[in-house]
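Everything on this sheet refers to the single structure shown next.
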Amino acid sequence: MKKSASPQTLVESYPLALSNSDKMRGWKRSLTLYCRSRSEESGTPISRFRAAIKMRLTKNGFNTNTI
């Protein structure tokens, strides 16, 4: 995923990533890069950004235990 990844693109690409383990690895890497960059910009812990993405996915009905 590009540096311009946003929470919206991460949420939209999650269903596709579920169907393929290689895509899931890429999605998780994109999530990590997004959370890390946002954390460095704002000084907020990485876990807060990861939790926000997981919350959006849970609201959409996905099981996020593996993230």
Is any side-chain heavy atom of S39 less than 4.5 Å from a side-chain heavy atom of T44? no
M24 versus L18, closest heavy-atom pair with distance: CE-CD2, 3.5 Å
Mind checking the NZ-NZ spacing from K54 to K59? Nearest 0.5 Å is all I need. 16.0 Å
Once rounded to the nearest 0.5 Å, what's the spacing between atom CH2 of W27 and atom CD1 of I67? 4.0 Å
Gap between atom CZ of F49 and atom OG of S37 - 0.5 Å precision: 8.5 Å
Does a side-chain heavy-atom distance below 4.5 Å link Q8 with R56? yes
Criterion side chain to side chain contact (heavy atoms under 4.5 Å, CB included) against L57, the qualifying member of L10, N63, V11: V11
Can you tell me how far the CG atom of L33 sits from the CZ atom of R36, to the nearest 0.5 Å? 6.0 Å
Mind listing the closest non-hydrogen atom pair of T32 and R50 along with its distance? OG1-NH2, 3.5 Å
Point-to-point distance, once rounded to the nearest 0.5 Å, from CD of E40 to SG of C35: 11.5 Å
Starting at OH of Y34, measure out to CD1 of I53 and round the result to the nearest 0.5 Å. 5.5 Å
Test item: L31 and Y14 side chains (from C-beta on) under 4.5 Å apart, heavy atoms: no
